[in-house]
Amino acid sequence: MMIKVKIPATSANMGAGFDCLGIALGLYNYVYAEETDGGLNIEIRDESANYLPTDERNLVYRSMQEVFDRVGYRTAGLHLILENNVPVTRGLGSSSAGIVGGLLAANELCEAGLSADELLDMAARIEGHPDNVAPAILGGITINASSRRKIRHVKAEVPKDLKFAAFVPDFPLPTKKSREILPKSVSLHDAAFNTGRCALLLTSIMTGHYENIRIGVEDRLHQRFRKRLIPHIDDLFRQAYRSGALGVYLSGAGPTVVAIIKAGDKSFEPRMRGYLRRYMNNWRLHILNADNVGAAACKIQMEVN
Ligand code: HSE
């Protein structure tokens, strides 16, 4: 019996919501897992095979072990097939997708029956922060806060008339590096600036006041420091706004940039593709829907080949 898990990409922070806001996007990783008589066999079926480990250090495998250890389950061997469409180390939640994929695969495989909340607490502990793992598990936009080692969260459905343009460069930016450059303290003024905008962003998306999104994504806690690590990013922001974006922000720790656009906007994509071709041809554009469902695991009969 094979387990299949589908896990969405995620975009954390959304500008003002540093470490507390995230959204699930319609770009997916797949984990296939089955028990075997012995050993560990991990196949990665995309170019991330060139740099992700396929032994006990693999994040999907390590996350599966967390579930097995928690419920006292032992496997003789495991066969995993990983299809990674979420670009690695680009700010679209690839490590969260790996963690969530592993946790859900193991939960289904050994019928551990762990709830979404339990899986979320485990995932946030492994990842170190909850803002990518929450939308990866639950879908939609999630708002979360850690309290007494538990993640308090709310999921909101993303309106269907919004789309998300993800601009992904050909270079990675490790989250560790992108966090190390942040200041250790911020002014009361900057904290208040972000608090108000985060609330404005969320309520404006939920109530259809899309004219507020541009202000709502503004941030003073992380983006200006991180932008220094990403060449020509201010030009990209400016061009996206000129082309009709409702709001533009650095996705997670970067370097991906996400522009929120109206679903009916016909000119944004061709204009931005033209711009990238001319001035930033090491960047790729993916026009994505939000994912309001989140990660899902099921048993499948068929052979995967
Ligand atoms: N909230 C985190 C950060 C997301 O901005 O560092 C990183 O994946």
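Just so you know, ligand 1 is whichever comes first in the structure, and atom 1 is the first atom listed for that ligand. Residues take their numbers from the sequence shown, with the count starting at 1. Please read these numbers as outputs of a predicted model, since none were measured by experiment.
- Every pair passing salt bridge (charged side-chain N to carboxylate O under 4.0 Å, His left out) that includes a residue from residues 120-137 is listed here, sequence neighbours excluded: D121-K150.
- Some N or O of D19 is nearer than 3.5 Å to an N or O of ligand 1, by distance alone.
- By the side-chain contact (heavy atoms from CB on, under 4.5 Å) test, S63 is found to be paired with L59, I99, L103, I126, residues two or more places apart in sequence or in another chain being considered.
- In this structure the side chain of P255 never reaches within 4.5 angstrom of the side chain of L229, judged on heavy atoms.
- Nearest protein neighbour of atom 8 (O) of ligand 1, counting heavy atoms only, is N132 OD1, 3.0 Å.
- Contacts between H129 and ligand 1, counted as non-hydrogen atom pairs separated by less than 4.0 Å, involve the side chain only.
- Every atom of ligand 1 with a heavy atom of F18 under 4.0 Å away is listed here by number and element: 3 (C), 5 (O).
- Contact of the P130 side chain with the T142 side chain is not registered, since no non-hydrogen atoms from C-beta on lie closer than 4.5 Å.
- A salt bridge links E180 with K176: the closest approach of a Lys/Arg side-chain nitrogen to an acidic carboxylate oxygen falls below 4.0 angstrom.
- Contacts between M14 and ligand 1, counted as non-hydrogen atom pairs separated by less than 4.0 Å, are absent for every part of the residue.
- Look at K4 and E83 and you find no salt bridge, because none of the NZ, NE, NH1 or NH2 atoms lies under 4.0 Å from a carboxylate O.
- Of all the atoms in ligand 1, the ones that sit under 4.0 Å from a non-hydrogen atom of T175 are 7 (C).
- Near N13, meaning under 4.0 Å from any of its heavy atoms, are these atoms of ligand 1: 1 (N), 3 (C), 5 (O).
- Ligand 1 has an N or O atom lying under 3.5 Å from an N or O atom of R179, backbone or side chain.
- If you number the atoms of ligand 1 from 1 as listed, the ones under 4.0 Å from a heavy atom of D131 come out as 1 (N), 2 (C), 4 (C).
- For the 3.5 Å distance criterion, the side chains of T207 and H209 qualify, holding a donor opposite an acceptor.
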